[in-house]
Amino acid sequence: MTGTKSILVIGGSSDIGHATALRYAREGWRVTLAARDIGAAQRNADDIKTRSGTETSVVALDVLQTGQLGGFVAGLSPLPDTVVCVVGELGDQSRAETDPGLAMQIMRTNFEAPSLLLELFAQAFATRGSGTIVGVSSVAGDRGRASNYYYGAAKAGFSQFLSGLRNRLALAGKVRVVTVKPGFVRTRMTAHMKLPAPLTVQPDRVAEDIFRADVTRPRDVIYVARRFRLVMAIICALPETIFKRMRI
Amino acid sequence: MPAAALPAPVPSASNPGGIGLSGWGNYPKASSELLAPQTPTGARDHLLARSGVIARGAGRAYGDAAIGTQSTISSRGLNRMRSFDAATARLTVEAGVTIADILAVFEPRGFFLKAVPGTKFVTVGGAIAADVHGKNHHRDGGFGTIVDSFRLALPGGEIVTCSRSENAALFAATLGGMGLTGIILDATLRLLPIETAWLRQDTRVAGNLDAAIDQLESSASTTYSVAWIDCLARGAALGRSLVYLAEHATRRDKDTLGPDLETFPSLRTSRLAVPELFPGWLLNRASMRVFNELYFRRGAAHPGTPRLVHWDPYFFPLDAIADWNRIYGRRGFVQYQCVIPLDRARRVLAEILDRVSRRGDASFLAVLKQLGEGSGSMSFPLRGYTLTMDFPVTDALFAFLDQLDALVVDAGGRIYLAKDARQSRATFESGYPGLAALRDIRQQIGANSRLVSHLSARLGI
Ligand SMILES: Cc1cc2nc3c(=O)[nH]c(=O)nc-3n(C[C@H](O)[C@H](O)[C@H](O)COP(=O)(O)OP(=O)(O)OC[C@H]3O[C@@H](n4cnc5c(N)ncnc54)[C@H](O)[C@@H]3O)c2cc1C
Ligand SMILES: NC(=O)c1ccc[n+]([C@@H]2O[C@H](COP(=O)([O-])OP(=O)(O)OC[C@H]3O[C@@H](n4cnc5c(N)ncnc54)[C@H](OP(=O)(O)O)[C@@H]3O)[C@@H](O)[C@H]2O)c1
């Protein structure tokens, strides 16, 4: 395809997905938002179109319906230049401890379903010979904590999946994989939480960093805010005997 | 009211989960539960489930208008744009979208807003609810005149479309109605095509109040006009001002006056921040005299010759200083804004200025503007002159302002609700003949006891 590039955001109803799509749209990229809540995605798509003047569309997708993922990817025409998956669910950790159904849903939403979906994009992009896959994981996947270990474990799985996928695709050299690890972002997911101001960013910061890592200054793994790389390095360096007694 | 007593915020019943809220003046502060819906229907659902609730936009109203007695519904999550039709210049946006947002997106495409207040950090909902006025109100009318329609969530949960032809009474009561008819969810506005980002500004010096009013009067056909008054000048120089007149610069104006300038330069985003709560004593008489002197001289340096000024510093000079309201310290400040009908304006404004100059603690912010008629039944503007000043809150302030109110009431004027934190019910009732219509509508839509701000409780709306 020549001319305009296009981006597909999986999880287009989210604040980070909205901000990311808008960032690309400002550079003239065509935008498609996939979401299970099609009304919410349409609201974001209209906003992006009004602000940027570029074409937008929405498409329905529930990633947990894993049987439909193959048909979804096969039905995309054209195949986007970049796919960004922001699907995730923080979930209620303490409830998940006694509700295996919820625990499974958190693990499937953050790890299983996004991985299955992005594998399909990897194949389609490899066949075409180009493309970028952006997976939004989390710093929560860098070390398991009492307050969100189902979420964190699933994000850890997703980060490792992206790492392996990147390794496989890099050998062919055509398709790129970017892992995004946000720390604290002011979104619907964290609206009810008190976040430490110096470490908290707005969704458009994540969007800016994703765009940069994909387009202007290619990177493999990014932390947003960047200082989280150091924060997580310290947290990961703590011996387990000490870490297990901490409340962080 | 006894001279030393500060009007206490209306006490809210025990308010679990409440946080301290105030307006831009940091006075008064009151506890209210702050709700942050992320969608228009979410805002409606909060409204349906609560009493003693009011909408809040960017919190730029100075007093107690955007603080619910029980709960306050923030519109900040309603920040999506819906659609734009370049052929008709019609823009539909959710109510939490700010004027800054609109200008950032549409100014580079050659569109502006025909009515803007002195800060761009207000929401569309707040601009409608106060029917805000700009420097061209006497000629072009206020924000209400650029609103085609809006959707309003009523206390009973219905969402109705209001325009001049549909639910017209509700439309009129909501323009200037300070959120007391429901929550505005979104609105369709008409943008103003512009040729450049520049204003062609002409500055005139006026030696006293009469000269300033003469200048404003004789330039009534100029689109934008405003006089900045040096509040500390006294005697024969009382009301000494700089009068700023301006028109949107055409492309030809720009080519003549600033051939090297870009037509739509990108905005500089660098901002100067005022440190966390500046002590109030810095605003004493001496420091303000120096400030006013400098301001007056700087403006007087090039009077009479038109020059190009970018719209951002022209319309929004204070926006360059983030959180400037903190310079008044913890006790906060009151912005006093009255309007006096044309025929009484000279005499009454001179009297007010005289009292203010003798008191000597008004701020650098004394602004004189012409106004025309407002669009809504509760709109502040009426044909006349409006004067705006800031006063740091002190024990003696409120009795003093009550005296000014008496002059305003006597002249058939009124006090702006978007700035008010302290006027009495009697002052309010005498100034707003549209109150009966608002009360009727509130009765009809079941707003009484449901939509209640500290302002409406204080004024008995
Ligand atoms: C520096 C500065 C300069 C100013 N200059 C001017 C000026 O030149 N002219 C002028 O007219 N005003 C001026 N103002 C006042 C300001 O324009 C108004 O107070 C405006 O209403 C503020 O909008 P907001 O979004 O901050 O609303 P808020 O302050 O949050 O709320 C103001 C009122 O609007 C209501 N409201 C807000 N959102 C909604 C909604 N979605 N639905 C229903 N009701 C709602 C609230 O209930 C409240 O009654 C100025 C203010 C500042 C700080
Ligand atoms: N906010 C933070 O501080 C933070 C920090 C680190 C990482 N992250 C990650 O950033 C990403 C975006 O999060 P956010 O903060 O913007 O919160 P969010 O709005 O809750 O985003 C989650 C998104 O995932 C979608 N989703 C969930 N299950 C789905 C399913 N089965 N099928 C399709 N879509 C599904 C949601 O759609 P619905 O609208 O339909 O629910 C929503 O769009 C997430 O992966 C999150 O884990 C966020």
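Sequence lines set the chain letters: A, B, ... in the order given, protein chains first and strands last, and positions in each chain run from 1.
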* Kindly give the heavy-atom pair with the smallest separation between A:R51 and B:M81, and that separation in Å. =>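 Nearest heavy atoms, A:R51 then B:M81: CG-SD, 3.7 Å.
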
Residues 42-59 of chain B: residues contacting chain A (heavy atom under 4.5 Å, by number) |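 Heavy-atom contacts from residues 42-59 of chain B to chain A are absent.
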
Query raised in the report: Of the listed residues (B:S83, B:A86, B:G77), which shares the most heavy-atom pairs with chain A below a 4.5 Å separation?
Result: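 Between B:S83, B:A86, B:G77, the count favours B:S83.
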
Should we say atom [atom1] of [X] is surrounded by more than 12 heavy atoms from elsewhere, each under 6.0 Å from it?
| X | atom1 | value |
| --- | --- | --- |
| A:M189 | CE | yes |
| A:K49 | NZ | no |
| B:R109 | CZ | yes |

task = Name the region of B:L91, side chain, backbone, both or neither, that has any atom closer than 4.5 Å to a heavy atom of chain A.
result =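 Contact with chain A involves the side chain of B:L91 alone.
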
TODO: Answer with side chain, backbone, both or neither: which region of B:T39 has an atom nearer than 4.5 Å to a non-hydrogen atom of chain A?
DONE: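 Both parts, backbone and side chain.
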
- What residue, out of A:R43, A:R188, A:Q42, A:R26, has the most heavy-atom pairs lying under 4.5 Å from chain B?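 Most heavy-atom pairs within the cutoff with chain B belong to A:R43.
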
Select, from A:D46, A:D47, A:I48, the one with the greatest count of heavy-atom pairs under 4.5 Å involving chain B.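 When all of A:D46, A:D47, A:I48 are compared, A:D47 has the most.
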
key: Those residues of residues 13-25 of chain A, ordered by number, that approach chain B below 4.5 Å (heavy atom to heavy atom)   =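 So the qualifying residues are A:D15, A:H18.
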
**Message:** Quick check for you: to the nearest 0.5 Å, what is the distance between B:R82 atom CZ and A:T50 atom OG1?
**Reply:**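 The OG1 atom of A:T50 is 9.5 Å from CZ of B:R82, to the nearest 0.5 Å.
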
